[in-house]
Amino acid sequence: MSSWDDDDESASASASAATTDVELLKRAWRNEKAAPEVLRFDKDLVDRVREQIQLLEETLDDFADSGVDDLVVSLYQMDLDRTLFLLRSYLRLRLQKIEKYTMHISRSQDLKDRLSEQEQKFAKSCGEIMEKHLKQSVLSKLPYGYGDEFVTKQSLSSTEDDMTLVIEILHICMNCGPENGLYSLPTISSEHPDLICLFRHSVPEPQLDTFVFCKTKSDVGAFQLDDIGEEVVDLVADDLYVLRYKSIKGLVEGGRIDLI
Amino acid sequence: MAGQSDPHLSLFSPSEVEFVAEDEVVEIVPNIRMDALNMICGDFGPFFPQIPSKVPLWLAVALKKRGKCTIRTPDWMTVDRLTQVLEAERESPREFQPLPFHYIEISKLLFDHAREDISDAYLVRSLIEDIRDVRFHKVETGLETISGRTHAVKLKNLSAMEVNIVRPFMVRTLQAFYKHDSPEMIQQGDNTGSRPTQVADRGPREKVDVKSHSTSFSFLQRDLRRR
């Protein structure tokens, strides 16, 4: 197997010695693409890559002034473009997820903490815009008495025909919270558990039960896929598996396994 | 695009997979003198005429396009090696032969941009196509054996592009089986069920039989005999 020596060499070299930031960003990008939920933002890494991009942009400007060979300039330009693509794609990908799961993220501090400062601002304004939209398109159109300040139990005890309306209202209840004078959620949940279930289904949530393709970096050993230890897989280094995301979540976060 | 309706099923576009493959290292023989390139993605060179040097594929292709180098065909892309691989692929119906993770993309890029640097290019190309066909047939056969008891699939040596092609089918199938297998689905026919994420207790389960490490394409399933 002599021809694999080169591969092995480069693989072990990149694993042990300096992995470039681009390589790390590429890994983060691939994981982010393959994972159903938003992953932790690596601020330091993104800052470092940004710095390098800026540095190269400045160097390219200098090159233009000092008349460096066109070929060299174009090669550096390609390197810059590739890095920019990766960074933009990574950030855009996260924004898409945040937009999709705004409500879900806003409910959990752990999820909020995964976002960068700018992303948190984005998530907040997304939520506000959605709330405003729902108010304008639903609450303001309700007959007098159902309005903003007066969503009462009356609307909830209505007939089945009004179900859709009720769900819309619940949507807004969740958004605004009881402190805004709206019907409080605990009351609804105790009296109408089925409504709450329906409502929950209407908030987009990442599907953590989905299956993902992943590659192990090193031997993980026997790994438990379920809670009760009846589904165990022996994860060997550099093998490819299709597993449930939920069960290997921890390994992804710990950087022991790469999604592909 | 097929995956457009659910972006999680078709995550990477073929061009994105190619983008990743372009970072694979190949050997070039430059015909010019050029200083070392200190790039964001790494340092390469310096380059001297006729002295082989290792660079990422995208850099090699860029230089090749401008006529500044020849690209050395990787060892695995020779008629001898590929013939061996093809034979072995055909002989072992449940195993994939080890090939570079990006063999499809690398060979495509080399055929597109450095065809004249490949000896027996025509034969090499048809061998790679045959290998792809044989391997994909195995993937398809493997898909048929997925069942409700499959909770994990091991695909040793499957390549990046093959993963990308099979992903939508594989994920959808496994998900469907998983969903219908869950006690929640069995217990309640109504739509008031709790969310799937709440399924902590999935009922008594059989032990998993993790036997086959010899095969590349193994479905890790609960052992039927213990049912």
Side-chain angles (χ1 to χ4, degrees), chain A residues 1-4 6-7 10 20-23 26 30 33-34 36 49 52-53 55-56 69 71-72 74-76 78-80 82-83 85-86 89 96 193-194 197-198 200-201 205 207-213 215 222 225-228 230-234 236 239-244 246 260, chain B residues 7-8 11-12 16 19-20 22-23 25 27 32 34-35 37 39-42 54 58-59 62-63 66 68 74-76 81 98 100-101 151-158 160 163 167 170-171 174-175 178-179 191-197 199-202 204-208 210 213 220 222:
Chain A
M1 289 306 238
S2 59
S3 75
W4 308 118
D6 285 353
D7 279 358
S10 62
T20 61
D21 285 332
V22 175
E23 209 54 48
K26 202 161 69 182
R30 292 172 84 167
K33 256 187 175 280
V49 173
Q52 290 175 41
I53 288 172
L55 210 67
L56 184 53
D69 187 8
L71 174 67
V72 176
S74 73
L75 294 178
Y76 275 112
M78 282 179 80
D79 182 39
L80 178 66
R82 288 176 67 83
T83 317
F85 165 77
L86 203 56
S89 176
Q96 277 166 3
D194 47 336
C197 287
L198 274 173
R200 279 202 176 138
H201 279 289
E205 268 180 36
Q207 206 183 345
L208 301 184
D209 263 335
T210 194
F211 284 81
V212 290
F213 285 71
K215 227 175 172 180
L225 292 176
D226 55 356
D227 300 331
I228 37 180
E230 288 181 346
E231 296 175 346
V232 179
V233 178
D234 192 14
V236 188
D239 257 359
L240 207 154
Y241 300 89
V242 191
L243 302 169
R244 257 194 332 276
K246 207 163 120 191
I260 53 167
Chain B
H8 282 307
L11 304 163
F12 296 90
E16 282 170 335
F19 173 81
V20 177
E22 282 170 345
D23 284 330
V25 173
E27 207 169 46
I32 48 153
M34 191 165 64
D35 287 339
L37 300 164
M39 297 182 153
I40 301 181
C41 64
K54 285 183 177 174
W58 66 265
L59 191 57
L63 287 170
R66 294 165 176 78
K68 306 294 183 196
D75 289 346
W76 58 268
R81 293 299 297 266
F101 191 51
H151 62 84
V153 183
K154 182 171 164 177
L155 293 157
K156 195 177 182 188
N157 293 331
L158 197 69
V163 164
R167 190 193 322 262
M170 185 78 95
V171 171
L174 285 170
Q175 246 167 344
Y178 179 72
K179 199 172 124 197
N191 57 359
T192 61
S194 52
R195 287 170 298 165
T197 46
V199 187
D201 174 26
R202 299 187 55 221
R205 286 264 150 157
E206 308 293 325
K207 277 274 182 211
V208 193
V210 192
H213 282 298
L220 308 178
R222 271 162 261 133

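A quick note: this is a predicted structure, and the numbers were derived from the prediction, not measured. Just so we're on the same page: letters track the sequence lines, and every chain starts at 1.
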Residues passing the side-chain hydrogen bond (donor to acceptor under 3.5 Å, both in side chains) test with R30(A), sequence neighbours excluded, are none
Exercise for review: Would you name the heavy atoms of L11(B) and E16(B) that are closest together and state the gap between them?
Suggested key: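 Between these two residues, the closest heavy atoms are O-OE1, 3.8 Å.
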In terms of heavy-atom contacts, D21(A) and Q52(A) come closest through OD2-NE2, 2.8 Å
With a 4.5 angstrom heavy-atom cut-off, is it the side chain or the backbone of L225(A) that approaches chain B, or both, or neither?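 Contact with chain B involves the side chain of L225(A) alone.
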Whatever's closer than 4.5 Å to a heavy atom in chain B on L75(A) counts as both
Taking side chain as everything from C-beta outward and backbone as N, CA, C, O, which of these in [X] sits under 4.5 Å from a heavy atom of chain A? Side chain, backbone, both or neither.
X	result
D23(B)	both
E27(B)	neither
M34(B)	side chain
F101(B)	side chain

Test applied, side-chain contact (heavy atoms from CB on, under 4.5 Å); reference residue, L158(B); option that passes from V242(A), L240(A), I260(A)
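Among V242(A), L240(A), I260(A), the one meeting side-chain contact (heavy atoms from CB on, under 4.5 Å) with L158(B) is L240(A).
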For chain B, find which of V212(A), T83(A), L86(A) contributes the most heavy-atom pairs closer than 4.5 angstrom.
->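 Of V212(A), T83(A), L86(A), T83(A) has the most heavy-atom pairs under 4.5 Å with chain B.
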*asked:* Under a 4.5 Å cutoff for heavy-atom pairs, which residue among L56(A), D79(A), L80(A) has the most contacts with chain B?
replied: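 Option with the top pair count is D79(A).
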Can you tell whether the side chains of D75(B) and R81(B) come within less than 4.0 Å, N to carboxylate O?
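No, D75(B) and R81(B) are not salt-bridged.
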side-chain contact (heavy atoms from CB on, under 4.5 Å) partners of L55(A), counting only residues at least two apart
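Applying side-chain contact (heavy atoms from CB on, under 4.5 Å) to L55(A) gives E58(A).
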